[in-house]
Amino acid sequence: MVSVRVLPFGDRALLAEVGSLDEVTALQAALAATRPDGVLDLVPAARTVLVRVDPAVLPLAAAQPWIARTAATTDAAAPRVEGPEVELPIRYDGPDLAATAALLDMSVDALVARHAAARWTVAFTGFAPGFGYLVSADWPFDVPRLDVPRTRVPAGAVGLAAGFTGAYPRATPGGWRLIGATDAVLFDPDAAASALLAPGTRVRFRAAAARAVLAAPAASADPAPGARPGTAPSAAAGSGALEILEPGLLATVQDLGRPGRAALGVAPSGALDRGALRTANRLVGNREDAAAVEVTLGGLRAVARDDLWFAVTGAWGEIRLDGRAVDPYEAHAWPAGAELRLDAFAHGVRAYLAVRGGIDVPAAVGSRSTDVLAGLGPAPLRAGSVLAAGDAAAAAVPPAGVAPWGAPRDDDVEVELAPGPRVDRFVPAAVRTLFESTWTVSAQADRVGIRLDGPELVRAVDDELPSEGMVPGALQVPPSGRPTVLLADGPVTGGYPVIAVVADGALDRLAQARPGTRIRFRHARSAR
């Protein structure tokens with residue numbers, strides 16, 4: 001029997017909290033074996049399993065007793081079904097190798113020998129797609145993270161933190177102590193099994209010949225939001241449907257995202273205003289999940305290479321086709337050679353430009369969406385990007401627009417909050433402060449999350465929370481006491497306590513909140 005505490009995590013998830021990582025592994029396996037229809041994700045972490053559901057199929061009120069029943073019949077001491085074994089070549093030449101050995105009061109050779117001899121298992125993934133948290137009974141050391149995280153850790157770097165080891169699939173910021181590097185491909189979005197180190201995988205490190213020492217990168221600014229290796233989408237000459245002349249602040253390709261892959265460290269991503277994307281697609285006769293261009297704050301210019309139909313929904317600004325003003329939320333013919341211009345938006349943040357047939361770019365992990373944090377999907381659009389139309393047309397272009405429609409609000413926005421799992425880590429007054437205060441969207445707002453300015457939400461517990469699964473809409477509260485709302489490209493695990501979660505139906509509204517917008521929270525109706 002596994003003792004479990006089931007905590008609410010918004011209106012579409014529950015958090016099953018147990019006492020140890022062994023119990024997490026056992027419970028996750030038992031839940032997977034008895035998984036009913038409607039369970040979208042099972043995300044193991046250090047002490048929890050996040051269970052995401054489709055409440056239209058499996059209400060939270062039915063999911064909770066299923067978790068409790070499963071835990072009551074789970075034996076955490078039972079032998080595990082072993083996963084596949086992977087051998088990772090590693091060069092023990094990391095910049096923190098000597099300092100970490102000294103911290104553990106052993107020689108470099110002794111540290112290398114212990115790390116290579118240990119039999120590791122991927123306990124869970126998170127932080128970035130394919131980043132596995134590896135544990136071993138042969139590794140008893142608790143290694144503190146760096147006091148000041150690096151702004152960039154190279155892809156392939158192997159590090160230590162707490163009782164874990166792990167390898168970075170791509171270059172990201174990070175605070176783990178780097179002891180080596182591997183050339184193994186840790187995450188391949190085009191592979192059938194995209195993550196090499198999936199939960200349950202057994203891992204052995206094999207020492208390889210050292211190359212040049214992995215130098216600690218000099219302090220530098222983080223890459224701009226959305227920056228990633230690779231090139232922006234481009235079609236063969238003459239085959240494109242439209243060409244981007246100017247992308248504005250940020251323009252990306254988005255569909256309805258990558259749900260159900262959080263256990264591999266892959267965020268849902270997709271359009272932040274899902275309703276606007278669906279509407280734009282309906283207006284041009286596409287399937288609702290077709291890919292479109294998400295335009296941030298306006299400034300996009302594009303020219304048609306072929307005769308098209310298009311519609312623009314979401315944020316509000318002047319739309320001009322060859323200099324002639326056209327309306328949003330209506331389908332329009334777009335003749336070849338004509339220039340479409342979306343001026344700076346007067347209201348809202350994100351507009352969706354849909355073309356009949358949908359935007360056709362290569363899919364990555366089941367979606368055409370750009371994930372600006374993980375670097376999945378096509379690169380953000382730039383001048384010269386050429387986009388082909390696809391085959392997502394499912395019906396004729398409707399004869400009339402969708403009504404009623406209106407501009408997103410930019411003054412006071414009400415957002416419904418469902419309960420979060422870590423309310424007990426705050427003083428009672430913090431919840432009152434959350435609902436009674438007016439919050440302001442700060443300038444630190446992008447597809448990853450929105451930082452809110454306002455009063456401090458005072459914690460009752462200050463110690464570090466072990467990493468646990470996250471969902472879009474989670475209000476994480478760092479030590480500053482000012483919450484950050486995670487959005488679709490946010491990390492799938494995190495260690496800041498979540499005091500509440502934006503109700504799923506309010507996320508589209510929040511996606512259109514500009515810096516300076518005032519936010520008032522109110523209680524969401526209880527999920528049934």
Side-chain angles (χ1 to χ4, degrees), residues 21 45-47 86 88-184 186-187 196-197 201 203-220 222 265 463-468 478-479 491 493-496:
L21 188 54
R47 295 290 183 272
V86 170
L88 282 186
I90 178 175
R91 302 181 304 277
Y92 286 102
D93 56 8
D96 301 321
L97 180 61
T100 304
L103 192 68
L104 298 177
D105 195 24
M106 64 176 67
S107 69
V108 167
D109 288 345
L111 172 57
V112 169
R114 291 291 296 267
H115 188 266
R119 296 176 178 271
W120 300 92
T121 301
V122 182
F124 58 94
T125 58
F127 174 64
F131 186 97
Y133 288 74
L134 280 63
V135 296
S136 174
D138 306 321
W139 187 260
F141 307 110
D142 188 348
V143 179
R145 288 174 171 82
L146 296 173
D147 292 337
V148 179
R150 290 182 170 90
T151 58
R152 184 178 183 276
V153 175
V158 177
L160 299 170
F164 303 105
T165 194
Y168 287 73
R170 63 185 296 266
T172 63
W176 288 37
R177 295 181 183 268
L178 307 182
I179 63 169
T182 181
D183 293 324
L186 301 167
F187 189 83
L196 179 64
L197 304 182
T201 302
V203 179
R204 296 297 299 267
F205 287 96
R206 174 176 54 82
R211 298 191 309 189
V213 172
L214 179 66
S220 62
D222 288 341
D463 59 315
E464 187 174 341
L465 183 69
S467 291
E468 55 193 28
T493 61
Y496 293 137

If you take all heavy atoms of [X] and [Y], which pair is closest and at what distance?
| X | Y | value |
| --- | --- | --- |
| A98 | V108 | CA-CG2, 3.8 Å |
| P173 | V153 | C-CG2, 4.3 Å |
| G126 | Y133 | N-CE1, 4.0 Å |
| W120 | S136 | CE3-CB, 3.6 Å |
| P140 | R114 | CD-NH2, 3.4 Å |
| P169 | F187 | CB-CB, 4.2 Å |

Start with the C-alpha distance between L134 and T121, add both sets of side-chain angles, then the distance that settles side-chain contact (heavy atoms from CB on, under 4.5 Å), and finish with yes or no.
CA-CA 5 Å; L134 280 63; T121 301; over 6 Å; no

Identify the residue among V112, T100, L111 that makes a side chain to side chain contact (heavy atoms under 4.5 Å, CB included) with M106.
L111

Set out, in order, the CA-CA distance, both residues' side-chain angles and the distance that settles side-chain contact (heavy atoms from CB on, under 4.5 Å) for V158 and L178, then state yes or no.
CA-CA 6 Å; V158 177; L178 307 182; over 6 Å; no

Criterion side-chain contact (heavy atoms from CB on, under 4.5 Å) on V135 and V122, from CA distance to verdict:
CA-CA 6 Å; V135 296; V122 182; over 6 Å; no

Exam field: side chain [X] to backbone [Y], donor-acceptor pair closer than 3.5 Å:
| X | Y | answer |
| --- | --- | --- |
| D93 | G180 | no |
| T182 | P89 | yes |
| R177 | P144 | yes |

Salt bridge R150-D96, side-chain N to carboxylate O under 4.0 Å:
yes

Residues passing the side-chain hydrogen bond (donor to acceptor under 3.5 Å, both in side chains) test with T165, sequence neighbours excluded, are H115

Output the distance between atom [atom1] ([X]) and atom [atom2] ([Y]), rounded to the nearest 0.5 Å.
| X | Y | atom1 | atom2 | answer |
| --- | --- | --- | --- | --- |
| W139 | F164 | CH2 | CZ | 13.5 Å |
| L160 | F141 | CG | CZ | 10.0 Å |
| I90 | I179 | CD1 | CD1 | 5.0 Å |
| L197 | F124 | CG | CZ | 13.5 Å |

4.5 Å side-chain heavy-atom contact, R204 and R119
yes

Taking ring pair (Phe, Tyr, Trp, His ring centres under 6.0 Å) as the definition, give me every residue that meets it alongside Y496, ordered by chain and number, with sequence neighbours left out.
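Residues passing ring pair (Phe, Tyr, Trp, His ring centres under 6.0 Å) with Y496: none at all.
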
Would the F131 and W176 ring centres measure less than 6.0 Å apart?
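So the answer is yes for these two rings.
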
Kindly write out the residues that satisfy side chain to side chain contact (heavy atoms under 4.5 Å, CB included) with D142, not counting sequence neighbours, or none if the list is empty.
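Side chain to side chain contact (heavy atoms under 4.5 Å, CB included) list for D142, sorted by chain: A162.
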
